[in-house]
**Q** 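What follows is a structure written as structure tokens; I'll ask about it next.
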Amino acid sequence: MKKFFIAILVLVILLSGAGYFIGNYFVNFALKSENNQPPQATINISDPDLKPPARPNFESEIWQLKSFDNLNLYATYFLPSTPSHKWAILVHGYGRDQTYAFDYAEEYLKHGYNVLTPDLRASGTSEGIYLTMGAFESQDIFNWCEKIVERDPQAKIILHGVSMGAATVLMTAALNPKNVVAVVEDCGYTTAYEMFTAQMQKIFGLPEFPIMNCVDIVSKIKTGVAVSDAAPIISVTTSKIPTLFIHGDTDRLVPFEMLDKLYNSATAPVKEKFIVEGAGHADSKIIDPPKYFQRVFSFIDKFAD
């Protein structure tokens with residue numbers, strides 16, 4: 001009997017070790033940023049030919065913020081030509097940095113908005129080792145909102161995020177940040193767990209169980225939050241901020257059906273859905289920029305003006 005229990009114990013230890021090894025590999029592959037380089041997974045899902053847009057030709061300042069876990073975070077504040085109390089925080093996507101939000105910033109600035117483009121943790125100039133797919137990033141955006149209100153107590157803030165940035169702003173909205181009057185989410189996911197599961201099967205041909213279970217556990221150990229904690233589908237059930245949901249109907253990274261799941265679960269007092277035909281992941285603006293921004297501003301201006 002004693003030998004049996006010893007054998008069981010050895011088996012459990014071996015399986016636990018194997019599970020940690022598997023989880024650790026995929027956490028580093030998908031979430032770890034080293035030497036100012038994005039996670040290795042971006043090679044599989046990002047367009048290598050995509051270049052950052054030009055920097056807006058507006059007066060700017062560099063802002064700094066200390067995160068709740070003592071990271072130095074940085075953002076660029078762009079000033080519009082005419083002073084106003086309209087503000088927008090533009091949140092970049094997975095494996096990118098704030099420079100990829102500069103074309104969005106250009107349109108907001110022309111429309112009279114003050115614009116803040118943060119580098120999310122472990123991205124661009126901001127400190128950090130691991131992305132958390134919106135779990136901690138949402139708290140960072142909440143703190144950027146507080147910094148704006150310190151500067152302009154009359155600020156009316158729009159949160160606009162793309163991809164992981166979209167998930168981040170949805171989760172920020174559930175924290176009830178001061179002076180945030182509307183949210184624009186473009187191709188956000190229901191949960192990072194579900195999105196990674198889909199990509200795990202597509203890229204590696206691996207099943208959800210037990211791989212994602214291992215990833216979830218190791219993520220909690222290494223980053224402080226599990227991948228499953230990045231769950232905008234839960235956040236939208238408590239947010240009371242007007243929200244515009246945008247998604248391309250040919251998105252192959254974040255499944256198109258996630259749009260309806262988020263929209264139908266949302267309890268925002270005002271919500272709209274904008275489907276862009278023929279748009280892949282994060283391509284809704286590219287398909288028809290004038291139409292994209294016309295729809296965005298027609299939604300947000302009634303709350304910001």
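Counting begins at 1 with the first residue of the sequence.
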**Q** Could you walk me through whether I233 and K261 satisfy the side chain to side chain contact (heavy atoms under 4.5 Å, CB included) test, starting with their C-alpha distance in whole Å, then the side-chain angles of each, then the deciding distance to 0.1 Å, before giving a yes or no?
**A** CA-CA 7 Å; I233 192 68; K261 291 180 180 179; 4.2 Å; yes
**Q** Identify whether V91 and Y292 are in the same connected component of the hydrophobic contact network (ILVMFWY, side-chain heavy atoms under 4.5 Å).
**A** no
**Q** Cluster question for you: counting only ILVMFWY and a side-chain heavy-atom cut-off of under 4.5 Å, with indirect links fine, are V183 and M164 together?
**A** yes
**Q** What I'd like to find out is whether the side chain of M133 reaches to under 4.5 Å of the side chain of Y193, using heavy atoms alone.
**A** no
**Q** Linking Ile, Leu, Val, Met, Phe, Trp and Tyr through side-chain heavy atoms less than 4.5 Å apart, which residues share a cluster with I62?
**A** Y74
**Q** For the pair D186 and K285, find out whether any cationic side-chain nitrogen is under 4.0 Å from an anionic carboxylate oxygen.
**A** no
**Q** Test: ring pair (Phe, Tyr, Trp, His ring centres under 6.0 Å). Region: residues 126-157. Which pairs qualify, not counting sequence neighbours?
**A** F68-F136
**Q** Hey, mind stepping through R55 and T99 against side chain to side chain contact (heavy atoms under 4.5 Å, CB included) and telling me if it holds?
**A** CA-CA 7 Å; R55 181 186 180 89; T99 62; over 6 Å; no
**Q** Quick test of your reading: applying salt bridge (charged side-chain N to carboxylate O under 4.0 Å, His left out), list the pairs with at least one residue in residues 118-127, sequence neighbours left out, ordered by first then second residue.
**A** D69-R121, R121-D140
**Q** I'd like to check the side chain to side chain contact (heavy atoms under 4.5 Å, CB included) partners of K66; sequence neighbours left out, ordered by chain and number.
**A** N70, N72
**Q** Do L116 and I148 come within less than 4.5 Å of each other through their side chains, counting heavy atoms only?
**A** yes
**Q** Any side-chain heavy atom of N24 sitting closer than 4.5 Å to one from K222?
**A** yes
**Q** Hey, are E137 and T168 close enough side-chain-wise for a donor-acceptor pair under 3.5 Å?
**A** no
**Q** Keeping S298 on the side-chain end and R295 on the backbone end, is there a donor-acceptor pair under 3.5 Å?
**A** yes
**Q** Please check: side-chain N/O of K273 versus main-chain N/O of Y263, any donor-acceptor pairing under 3.5 Å?
**A** no
**Q** Decide yes or no for V181 and I158: does some side-chain heavy atom of the first lie under 4.5 Å from some side-chain heavy atom of the second?
**A** yes
**Q** Run the ring-ring contact (aromatic ring centres under 6.0 Å, His included) test on F297 and H111 for me, step by step, so that the C-alpha distance in whole Å, both residues' side-chain angles and the decisive distance to 0.1 Å come before the verdict.
**A** CA-CA 9 Å; F297 290 125; H111 210 73; 3.8 Å; yes
**Q** May I ask you to test the Y108-L90 pair for a side-chain heavy-atom distance under 4.5 Å?
**A** yes
**Q** Can you tell me if K240 has over 12 outside heavy atoms packed within less than 6.0 Å of its NZ?
**A** yes
**Q** Under a 3.5 Å threshold, yes or no: a donor from one side chain and an acceptor from the other, between S163 and H281?
**A** yes
**Q** Is the count of non-hydrogen atoms from other residues, nucleotides or ligands lying under 6.0 Å from I129 atom CD1 greater than 12?
**A** no
**Q** If only atom types and distance count, is the side chain of Y94 paired as donor or acceptor with the main-chain N or O of L31 below 3.5 Å?
**A** no
**Q** Is it true that a side-chain atom of T250 and a backbone atom of A279 form a donor plus acceptor pair closer than 3.5 Å?
**A** yes
**Q** Hey, does the side chain of H160 reach the backbone of I89 with a donor-acceptor pair shorter than 3.5 angstrom?
**A** no
**Q** Would you say V236 and S239 make side-chain contact, with heavy atoms under 4.5 Å?
**A** no
**Q** Taking atom types as modelled, find out whether D216 and S228 have a side-chain donor-acceptor pair closer than 3.5 angstrom.
**A** yes
**Q** For a side chain to side chain contact (heavy atoms under 4.5 Å, CB included) check, start with the C-alpha distance between H85 and K156, then their side-chain angles and the critical distance, and finish with the verdict.
**A** CA-CA 6 Å; H85 296 297; K156 293 184 177 181; 5.6 Å; no
**Q** Between the main-chain N or O of C187 and the side-chain N or O of D251, is there a donor-acceptor pair closer than 3.5 Å?
**A** no
**Q** Mark yes or no for whether K32, through its side chain, and F29, through its backbone, hold a donor-acceptor pair below 3.5 Å.
**A** no
**Q** Has I234 got more than 12 heavy atoms of other residues, nucleotides or ligands less than 6.0 Å from its CD1?
**A** no
**Q** So, using ring-ring contact (aromatic ring centres under 6.0 Å, His included) as the criterion, who are the partners of F274 when residues are at least two apart?
**A** none
**Q** Parallel, tilted or perpendicular: which describes the rings of W87 and W63, with under 30° parallel and over 60° perpendicular?
**A** tilted
**Q** Could you go through F78 and F102, starting from their C-alpha distance and side-chain angles, then the distance that decides it, and tell me whether this counts as ring-ring contact (aromatic ring centres under 6.0 Å, His included)?
**A** CA-CA 10 Å; F78 292 98; F102 281 175; 5.5 Å; yes
**Q** More than 12 heavy atoms of other residues, nucleotides or ligands under 6.0 Å from CZ of R252: yes or no?
**A** no
**Q** For Y113, enumerate each residue passing the side-chain hydrogen bond (donor to acceptor under 3.5 Å, both in side chains) test, keeping only those at least two apart in sequence or located in another chain.
**A** D301
**Q** Does the side chain of I246 reach to within under 4.5 Å of the side chain of E185, using non-hydrogen atoms?
**A** no
**Q** Output yes when a side-chain donor or acceptor of E272 lies under 3.5 Å from a complementary backbone atom of F299, and no otherwise.
**A** no
**Q** Is there a side chain to side chain contact (heavy atoms under 4.5 Å, CB included) between Y104 and F293? Walk through the geometry before answering.
**A** CA-CA 9 Å; Y104 294 82; F293 285 109; 4.0 Å; yes
**Q** Would a hydrophobic clustering, with Ile, Leu, Val, Met, Phe, Trp and Tyr connected at side-chain separations under 4.5 Å, put I300 with I157?
**A** no
**Q** Looking at P38, is its backbone amide N or carbonyl O close enough to the side chain of T42 to form a donor-acceptor pair, meaning the two atoms are under 3.5 Å apart?
**A** no
**Q** Is there a side-chain contact between I275 and F256 in this structure, where contact means two heavy atoms from C-beta onward sitting under 4.5 Å apart?
**A** yes
**Q** Can you tell me if N114 uses its side chain to pair, donor with acceptor, with the backbone of K86 under 3.5 Å?
**A** yes
**Q** Got more than 12 heavy atoms from elsewhere within 6.0 Å of CD, E61?
**A** yes
